[in-house]
Amino acid sequence: MSEQANSDQSGDQGVDVVVVTGVSGAGRGTAAKVFEDLGWYVADNLPPVLISRLIDLGLATEPPIRRLAVVMDVRSRFFSDDLTEVIHDLESRSVRTRVLFLEASDEVLVRRFGFARRRHPLQSESADGTLSAGIALERERLSKVKTAADVVIDTTALSVHQLHRRIEETYGVGGDGPGSLQVTVQSFGFKYGVPIDADIVLDLRFLPNPHWIPELREQTGQEAAVRDYVLSRDGAADYVKTAHRLVELTAAGYRQEGKRYMTIAVGCTGGKHRSVAISEALADVITGDGEGDGGTAVRVVHRDLGRE
């Protein structure tokens with residue numbers, strides 16, 4: 001019996017749990033997607049009493065789940081009363097447990113609910129049924145949780161990308177080492193707008209457009225014929241090489257400043273041919289940089305591919 005207990009206790013070591021909570025409209029859903037994208041197992045609105053059970057189930061899987069983000073709000077009636085007790089229980093099992101509380105100003109929350117055209121979850125329970133009263137009631141119910149939170153992030157002036165970065169920087173989920181950097185190479189079409197969260201924007205519209213070649217028009221930059229055509233144009237190879245050098249210099253500065261995330265937006269007219277091909281080529285050379293030190297993780301996203 002005691003050997004089993006010791007085994008279970010040992011298995012708990014290395015488990016990381018983050019409880020994501022905060023006022024409605026402050027970005028809990030966005031935070032959940034960030035954790036999920038970065039490889040965490042995300043459970044939405046799980047009662048605190050079930051967190052321990054979920055950890056046991058996760059450790060029994062192969063490979064075991066060792067990073068768990070639990071998103072919770074005031075709709076869990078037993079939320080505030082049980083959370084502290086559950087956290088103490090998890091810490092006694094050597095489970096690293098932290099609470100992330102997301103906050104925003106009343107003015108911004110009212111505007112966000114207006115854009116989304118949805119009711120606040122506590123609006124109908126408030127004194128006069130107004131949105132402002134619902135927000136006030138929720139703040140009252142969450143006051144103890146906010147006070148006890150390990151990290152409070154105010155999203156009032158943060159973009160989605162900035163919130164993404166804050167979570168990575170706070171919890172170190174962007175990579176495996178202290179100098180790790182996650183790079184996203186994102187193709188896009190200028191006619192659909194420049195990505196607002198881009199750190200570097202590259203313009204490929206100087207290259208000949210495969211759209212005007214009948215046999216290439218319906219293909220994309222992911223296909224060999226288009227890729228070969230784009231990369232063989234005058235200036236294309238030099239452009240990739242120069243962009244690569246720019247990324248190297250910027251990445252070095254980011255690591256020195258402790259930043260863990262970089263988005264490179266690569267654009268052409270429609271986001272179908274040139275930007276896609278060059279994004280793939282640039283991602284390949286950046287990935288080659290990371291193979292030596294394991295410090296760079298690269299992903300490619302084609303924002304507007306298929307949009308036409």
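Model, not experiment: these values are computed from the prediction.
- Pairs engaging residues 204-217 under the side-chain hydrogen bond (donor to acceptor under 3.5 Å, both in side chains) rule: Asp203-Arg205 [sequence neighbours left out].
- Scored by the ring pair (Phe, Tyr, Trp, His ring centres under 6.0 Å) test, His161 finds Tyr261 as partners (sequence neighbours excluded).
- By the side-chain hydrogen bond (donor to acceptor under 3.5 Å, both in side chains) test, Thr156 pairs with Asp154, sequence neighbours left out.
- At least one side-chain heavy atom of Leu90 sits under 4.5 Å from a side-chain heavy atom of Ile51.
- Contact of the Leu100 side chain with the Asp150 side chain is not registered, since no non-hydrogen atoms from C-beta on lie closer than 4.5 Å.
- Following chains of ILVMFWY side-chain contacts shorter than 4.5 Å, one cannot reach Val300 starting from Ile286, and the two form parts of different hydrophobic clusters.
- Looking only at side-chain heavy atoms (C-beta outward), Ile153 and Leu158 come within less than 4.5 Å of each other.
- Annotation: side chain of Val151 is not in contact with side chain of Phe101 (no heavy-atom distance under 4.5 Å).
- Judged by distance alone, the side chain of Thr287 and the main-chain N or O of Val285 form no donor-acceptor pair under 3.5 Å.
- Atom CG in Leu131 sits 13.0 Å away from atom CZ in Arg112 (nearest 0.5 Å).
- The structure places CG of Asp56 at 12.0 Å from CD1 of Ile65, a figure rounded to the nearest 0.5 Å.
- Donor-acceptor pairing under 3.5 Å is lacking for the side chains of Gln186 and Thr263.
- To the nearest 0.5 Å, atoms OG (Ser24) and CG (Leu102) are separated by 11.0 Å.
- Residues that satisfy the side-chain contact (heavy atoms from CB on, under 4.5 Å) test with Glu36, not counting sequence neighbours, are Val42.
- Considering only residues two or more places apart in sequence or on other chains, Tyr239 meets the ring pair (Phe, Tyr, Trp, His ring centres under 6.0 Å) condition with Phe206.
- With Asp304 contributing its side chain and Gly189 its backbone, the two residues share a donor-acceptor pair below 3.5 Å.
- Electrostatic pairing of Arg98 and Asp16 counts as a salt bridge here, judged by a charged N lying under 4.0 Å from a carboxylate O.
- Within the structure, the salt bridge (Lys or Arg N to Asp or Glu O under 4.0 Å) test picks out the following pairs touching residues 223-247 (sequence neighbours left out): Arg245-Glu248.
- For the pair Val247/Met262, a side-chain contact is recorded, criterion being any heavy-atom separation below 4.5 Å from C-beta on.
- In the hydrophobic clustering, Leu57 connects to no other residue, as no ILVMFWY side-chain heavy atoms lie under 4.5 Å from its own.
- Note that OG of Ser132 and CD of Glu107 are 11.0 Å apart. Values are rounded to the nearest 0.5 Å.
- Atom CD of Glu140 sits in a sparse spot, with 12 or fewer heavy atoms from other residues, nucleotides or ligands closer than 6.0 Å.
- Applying the salt bridge (Lys or Arg N to Asp or Glu O under 4.0 Å) test to pairs two or more places apart or on separate chains, those with a residue in residues 264-283 are Lys272-Glu308.
- Ser275 is linked by a side-chain hydrogen bond (donor to acceptor under 3.5 Å, both in side chains) to nothing, counting only residues two or more places apart in sequence or in another chain.
- Proximity of Val183 to Val185: side-chain heavy atoms (C-beta onward) are separated by under 4.5 Å at one or more points.
- Here Glu103 pairs with Arg139, Lys146 under the side-chain hydrogen bond (donor to acceptor under 3.5 Å, both in side chains) rule; sequence neighbours left out.
- Between the side chain of Thr130 and the backbone N or O of Ala133, at least one donor-acceptor pair lies under 3.5 Å.
- Counting only heavy atoms from C-beta outward, the side chains of Asp89 and Ser52 approach each other to under 4.5 Å.
- The OG1 atom of Thr250 sits 8.5 Å away from the CG atom of Asp199 when rounded to the nearest 0.5 Å.
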Side chain to side chain contact (heavy atoms under 4.5 Å, CB included) evaluation trace for Ser187 with Arg303: CA-CA 6 Å; Ser187 69; Arg303 190 192 74 175; 5.7 Å; no
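- For Gly221 against Val226, the heavy-atom pair with the smallest separation is CA-CG1, 3.7 Å.
- The hydrophobic cluster around Leu305 extends to Val276, counting ILVMFWY residues whose side-chain heavy atoms fall within less than 4.5 Å of a member.
- Remark: Arg307 is positioned above the aromatic ring of Tyr192, its terminal NZ or CZ atom under 6.0 angstrom from the ring centre and at most 45 degrees off the axis.
- The backbone N or O of Gln219 sits less than 3.5 Å from a side-chain atom of His273, completing a donor-acceptor pair.
- Grouping the Ile, Leu, Val, Met, Phe, Trp and Tyr side chains by contacts below 4.5 angstrom, directly or via other members, places Ile278 with Leu216.
- With sequence neighbours left out, Phe190 forms a ring pair (Phe, Tyr, Trp, His ring centres under 6.0 Å) with Phe188.
- Contact check for Leu137 versus Ile135: no side-chain heavy atoms found under the 4.5 Å cut-off.
- A donor-acceptor pair under 3.5 Å is formed between the side chain of Thr21 and the backbone N or O of Met72.
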